[in-house]
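Working notes, structure below.
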Amino acid sequence: MDPECSRLLPALCAVLADPGQPVADDTCLEKLLDWFTAVTEAGSSLLLLQENPCLVELLFHVLKSQDLSSRILSFSLRLAGIFAAQENCFQYLQQGELLPMLFGEVGPLGGAAWTAPAVRSGWIQGLRTLAQHPSALRFLAACGAVDTIFSLQGDPSLFVASAAGQLLVHILDLAMRGPAEGHRSPQACDWPACAQKIVGHIEDSLCSTAVPQVTQALSVLTTAFGHCHGLWTQGLWVRLSPLVARLLEKDPVPASHSLVDLLLSVARSAPSSYRGLWETLAQTLSHLSPTQAGPLALGILKLQDCPQALRTQAFGILLQPLACVLEAAAQAPGPPGLLEGAAGNSMTVDTLLSSKSACVGLLCCALAHLGLLQPLPQRPSPWPQAPLLGAAVTILRLCSGSAAPTSDVGSRLCAILVGCGRVQRAALDFLGALSQGTGPQELVTQVFSVLLEYLVSPESSSMSWMPVGHFQRLLPRKNEVRCSLSPCIPSPSYTPGRGRGQAGQLTPGPAAPLFPLQVLKKAFQATLRWLLSSPKTPGCCDLDPHTQLFLRELLPVLQKRLCSPCWEVRDSGLEFLTQMTRHWGGQAGFRQALLASEVPELTKQLLRDPESYVRASAVTATGQLSSWGLCATPAGHECPGAQQESLLVELLHILSTDSEGFPRRAVMQVFTEWLRDGHADVAEDAEQFVAGALQAASRDLDWEVRAQGLELALVFLEQLLGQRGSHCPYAVALPETAPPGVLAQALQVLCRVQLFEFAFRALFDCDRPVAQKSCDLLLFLRAKAAPCGSPQEAGDSPNVASVEATLQRWQAGEQGQPLGYLEPGAVVALLRSVDLEGLRDTLAESSDHVEKSPQSLLQDMLAAVGVLGENEADCY
Amino acid sequence: MKLYCLSGHPTLPCNVLKFKSTTIMLDCGLDMTSTLNFLPLPLVQSPRLSNLPGWSLKDGNAFLDKELKECSGHVFVDSVPEFCLPETELIDLSTVDVILISNYHCMMALPYITEHTGFTGTVYATEPSVQIGRLLMEELVNFIERVPKAQSASLWKNKDIQRLLPSPLKDAVEVSTWRRCYTMQEVNSALSKIQLVGYSQKIELFGAVQVTPLSSGYALGSSNWIIQSHYEKVSYVSGSSLLTTHPQPMDQASLKNSDVLILTGLTQIPTANPDSMVGEFCSNLSLTVRNGGNVLVPCYPSGVIYDLLECLYQYIDSAGLSSIPFYFISPVANSSLEFSQIFAEWLCHNKQTKVYLPEPPFPHAELIQTNKLKHYPSIHGDFSNDFRQPCVVFTGHPSLRFGDVVHFMELWGKSSLNTVIFTEPDFTYLEALAPYQPLAMKCIYCPIDTRLNFIQVSKLLKEVQPLHVVCPEQYTQPPPAQSHRIDLMIDCQPPAMSYRRAEVLALPFKRRYEKIEIMPELADSLVPMEIKPGVSLATVSAVLHTKDNKHILQPPPRPAQPTGGKKRKRASDDIPDCKVLKPLLSGSIPVEQFVQTLEKHGFSDIKVEDTAKGHIVLLQEAETLIQIEEDSTHIICDNDEMLRMIRILRIPLSSKLRCLCLK
């Protein structure tokens, strides 16, 4: 510990021990504990206590004081735990009988303070840190802590209860690892008393009729098997597995979730060493209800090595709900063995038809589980791709009401599912996941047709069947808070029922209006996945005829969506178009279909959309279209230069005038992409293009636009001077320098486009990422320019001094003055004279690096209570 | 209580309820789908329509070719369009006491009923219903009268001939009752019989029942009706909406505790959400106009058009449509737009508050001010000078058989750049378009029907819990085209009773009580006695006076004055008498005591048998059988014995005593 901290410590301890001086906040105490942990890990705790007696005094004082706050008490318990984790320090504290007083029955345990959850939590955490050595075990046994921990398992505070369970596992592990570590026999008879006690308690709990007790025992076991991997866990399994199996005999199975967690935890650790585990798993699968068994089945299928029979059983359970749906919706008796071994059993059918929530829950889980399984290497093989596709399509049709089941179960399912947004979203996700595999052409056609149905249908919204919003709801609303990550915020414009303030009994949940939009988005996503995975015609690089056909139907739908009054829909449509173009811009079939449609023209019109998100997406989409020569032209021809120029002008106009940041950022991204990909028209006069873009970006108030401007500058630099070399920070290779001729020419160009003015301005930008990026850029440039000219040469340049002066003023925050035109020589000189490395290091440090030191923590805490006297206010 | 169902159309109902002594007609809807069988009435001479070939029978017989014309494989009647009236034969309509109107769409048959059936009653409706209903009627009459048609086809209606015609003419029902449109004079006369009412106003009908209109949330002034007596309540729910569009929200709470709920006028397109339909409407409109095409919206002059204009008001700027003119063409366009702004009290809360700012409640005022929306009475006159393309035209009639819309269909039908967008759900768009085939114009179907859907209905029924639900039979089964959609029908317990055209339904509830008033002086004279805790009884002798369905118990006429004094004396003596009688008034008969009493009166051979419900006392000698049950006592005996028996039976008798006399 540094001397300054040692000096401050007594004052701090005095403050902590003084009930009249409340400590500002818990974060300080947490930081303090972190610091003590670091200090004790680095050196001896005993020494620390001996050198700073105020610490032990603090602990004693805490015990004596009656009116201390619960958080100080909790803090002290945890602090004592940290010190006592080292055995010699433990002994030292024991001598003073401090530990029994803190953790034993005479301590807070019996007092009024115990009612505060923070104190109970501190007690547990203190013991958890303390229990690291055999002496600690003896101490725990002597002070009867284990019984208290048992009772804390049912604590009303979930944090305390969960920590108690973990502490039990920790103690058990400590006791079993003991002196004979690794050799402890699996036989339970010679286990230490402490372990026997804990295991006995778990046994009692497992046999209990109270579900909470069973849950506690199961979660302790889950932690134990998940974290401890000694031989003794096998013994534990042998001893407890009959009790676990007995739980399965009850109906309903108590604490089924916890049971599933436990079994999976055991199976994941080292399944082969646990006898009878597979049988128990199989038994559990057959005993649990379809809804409960789903997660277990998924867990089993994710296991690396597992008997095939069990895998088959588990897979059957996941498939069952879908098999039932397929069976119920079949027009005629379907081909036998659609989902072999998973023919819908009556229990699943009962669950599906019992209530809407049960049906939706079961189907959503099954779809999500199968979707998770699909990409895994250990997924069941053979994977029933075709029936699964069929099931997903059927579910989507049932939800949209377009399926016409003839069976009674089918009609009832249809009535339950029709318009159910949750199932629709899950099914669309699943359908998207299935795009990774292939299927018979007939089914793929069905997939595309159901996707089209969802994209076409305005009822991707009316499916919600809710009396949602009056018509205005679909229209953009001014001053609405939106965020790009969750763009579908419901507008509260419309309350069905009894008017304002009285949401009426028929009001749906507030999230209802979101469903349709999310369904549409999912439909777009799934469509994209299917389109991108659709097979190419053999021997030809173009799209296959089915996809072509689908595209021809899809584009009019997209057109309509781009005209939607709902901005989220327009936005999703544009994103979809961007993705599709990115992948297929070069395919003749796609180009033909797109150019024959009005989509490019509409996209261009959306550059003037009133909604900034839509404008941003339109910028990205037009940029992408233009990269492939697909942007709109009146005659529908591929764009000649003149058209292109006008787009460039339009984007520059957006960059310099748009009031919102998103479109401007998008423009910079498009520009960077164009430059990087050598967009034909940009390449024609790259210099002018870069100059224009940088000029606009340098004035931008949005730091992301400026940062993107630097990205553009970097791409330009790389094109002039060659690649940046390895991005690996540990690479030893020195950056390659550019040949002098090239460099001189490049520097001329860079000066002409005023890149330096932009970069140096950014170097002193008030937003750190911009400054960092600029620093990197200049460092790269300097490395490239290393051999060019000598310092003397550069120093002779007449305007360097004035430029440096300007830079200093910029650094000081006065950025009004322009840098003026720079000669290449002056630039090189400047690059050398500015301490870029130093600047980079300063920028790399986070803004609170000065305040992070322990010393400043102690000072802050003292200052907060006014001990340092600095913040005392003079009332007069 | 009986319900006479005069119309088979679930959203254009016309039913008659006989309740207590009143005959109440519920709505007066006119089924105009019959007009789909007729050729359109072109406003401007249409060579295409006038040159259609006449239709001839398979055998070449062409005697119908003047009446029937063929167009793209469909056969149409070339005559003035006719409407399918409600049943007039099922019940004598002159006996109808009142007609209750629920909204302006459901009163279109009113002139037929009030002017031609001997109707002498009163019609009740809200002011907006009457005013807008008048506009609709005016428009209809105008549309038809301004294109006079010389011929009137009737030959095809002959049953024997109709059988030979192709569908749908062959299957048209009740063609003999189809009538031509009424005149403006009839409209005025019919409307003069209307009495205006306000929401929650209580209207007494002959003292027998009280009717009350409630806001139904569907259209300006649209109402549901409560028809109740003291002990019975019938709710009539017709065309209601839970969407807060422009009208006042629906009053659900007042519908609670109904004995019978008659449910009509649900959404005609249960699978279409109005919101998404408006989204579709806007998208397609914008798509067409951007491509330089025109948009035609066949619509009624009131209702959804206000909402569409409001949406477009917000949408046009963002969609870059500010320079596109919107035309609203209807003989009543001006009145409709102006009326909508003055019915503030009938609007939803948001719109009401605007009035106090003061601002016009509907934004179409601003559209008109800024010249974005222009309205004209017809395509003739000013409109032809201002007409600019591309544009959006709102005009009637949604059936595409008459009105200015016919002209635009002819004008724009040939170009695939143009689009017709159907927003009114009343007519099947394919049938509406049939006489315009082949058609290059794009057709979009975005029916906007804000009326209740089945999910909303089932929630509504759960909330208001009527004892019985009565509805058109269409609502009790899934739509024929989607027979698996069991979610598209009314699901309630007990199952809804259904009706169809020309059916008479006996409603399943019996009147059990009637309210009778007791005059104060009579009430004063009563001496109630508590026969068990909380229940007191008193005997009453009075005169029942009934007038105007009000029943009053008045004191009996006093006997001659001299006996009056005595009576007063006796009245005071009555009290001990009553006490003696007390056990006789009520309660179950103590059989043992009864037998003893009989024995005391000299019956010796008394046999008592126990039955499931009570006892049978047999007096063999007297050939008398007394059946004693919990709530009845029957004495079966010879006529002569009867008086004696009754005298003896001045013992506890329960509420019902029936004597059967055996001769």
Side-chain angles (χ1 to χ4, degrees), chain A residues 400-406 410-412 414-416 418-419 457-477 493-500 502 504-507 513 516 556 559-567 569 598 601-602 605 608-611, chain B residues 241-246 248-253 269-288 290-291 304 307-308 310-312 314-315 317-320 348-350 446 448 450 452-456 459-460 462-463 478 482-488 491:
Chain A
S400 69
S402 63
T406 44
S411 306
R412 281 160 70 194
C414 183
I416 290 177
V418 84
S457 165
E459 306 313 325
S460 4
S461 41
S462 91
M463 280 172 197
S464 73
W465 273 89
M466 299 294 177
V468 288
H470 174 34
F471 311 134
Q472 293 95 315
R473 194 185 63 75
L474 284 171
L475 300 170
R477 295 169 60 76
S493 67
Y494 165 65
T495 319
R498 313 299 312 282
R500 182 182 288 181
Q502 245 181 311
Q505 302 229 350
L506 303 178
T507 315
Q559 247 162 259
K560 194 178 75 182
R561 292 299 187 187
L562 292 182
C563 291
S564 167
C566 174
W567 71 266
V569 173
E598 291 145 26
E601 175 59 32
L602 279 174
Q605 286 179 14
R608 289 184 293 275
D609 197 275
E611 182 57 51
Chain B
S241 175
L242 290 168
L243 300 184
T244 313
T245 54
H246 56 269
Q248 257 192 44
M250 178 180 175
D251 179 355
Q252 293 176 67
I269 318 288
T271 52
N273 176 320
D275 265 331
S276 28
M277 285 302 148
V278 172
E280 285 290 289
F281 172 79
C282 289
S283 303
N284 285 302
L285 184 142
S286 149
L287 202 57
T288 305
R290 279 172 203 246
N291 286 327
V304 169
D307 293 310
L308 288 180
E310 183 157 358
C311 286
L312 286 171
Q314 297 179 44
Y315 178 62
D317 286 333
S318 68
C348 62
H349 180 77
N350 276 350
C446 302
I448 296 167
T450 56
L452 298 176
N453 65 33
F454 289 98
I455 293 211
Q456 292 164 345
K459 286 184 180 166
L460 176 76
K462 262 182 209 150
E463 166 131 359
Q482 292 166 294
S483 55
H484 64 286
R485 293 291 298 269
I486 51 174
D487 54 317
L488 301 185
D491 177 25

Legend entry - Gap between atom CD of Q482(B) and atom SG of C414(A) - 0.5 Å precision: 9.0 Å
Inset, instruction - Measure across A415(A) and I486(B) and return the closest heavy-atom pair with its distance rounded to 0.1 Å. - result: CB-CG1, 3.5 Å
Legend entry - From CG (D275(B)) to SG (C566(A)), nearest 0.5 Å: 10.0 Å
Inset, instruction - Mind ranking N291(B), L285(B), N284(B) by heavy-atom pairs under 4.5 Å with chain A and telling me who comes out on top? - result: N291(B)
Inset, instruction - Report the option among C348(B), S286(B), P478(B), C446(B) that has the most heavy-atom pairs separated by less than 4.5 Å from atoms of chain A. - result: S286(B)
Legend entry - Evaluation steps, side-chain contact (heavy atoms from CB on, under 4.5 Å), between L488(B) and V418(A): CA-CA 10 Å; L488(B) 301 185; V418(A) 84; over 6 Å; no
Legend entry - S564(A) side, atom OG; E280(B) side, atom CD - distance, nearest 0.5 Å: 8.5 Å
Legend entry - Taking every non-hydrogen atom, the tightest pair across E598(A) and L287(B): OE1-CD1, 4.3 Å
Inset, instruction - Would you name the heavy atoms of P565(A) and S283(B) that are closest together and state the gap between them? - result: CD-OG, 3.6 Å
Inset, instruction - Below 4.5 Å from any heavy atom of chain B, which atoms of R412(A) appear? Answer side chain, backbone, both or neither. - result: both
Inset, instruction - Mark yes or no for whether H484(B), through its side chain, and G410(A), through its backbone, hold a donor-acceptor pair below 3.5 Å. - result: no
Legend entry - C563(A) SG to R290(B) CZ distance, which is reported to the nearest 0.5 Å: 4.5 Å
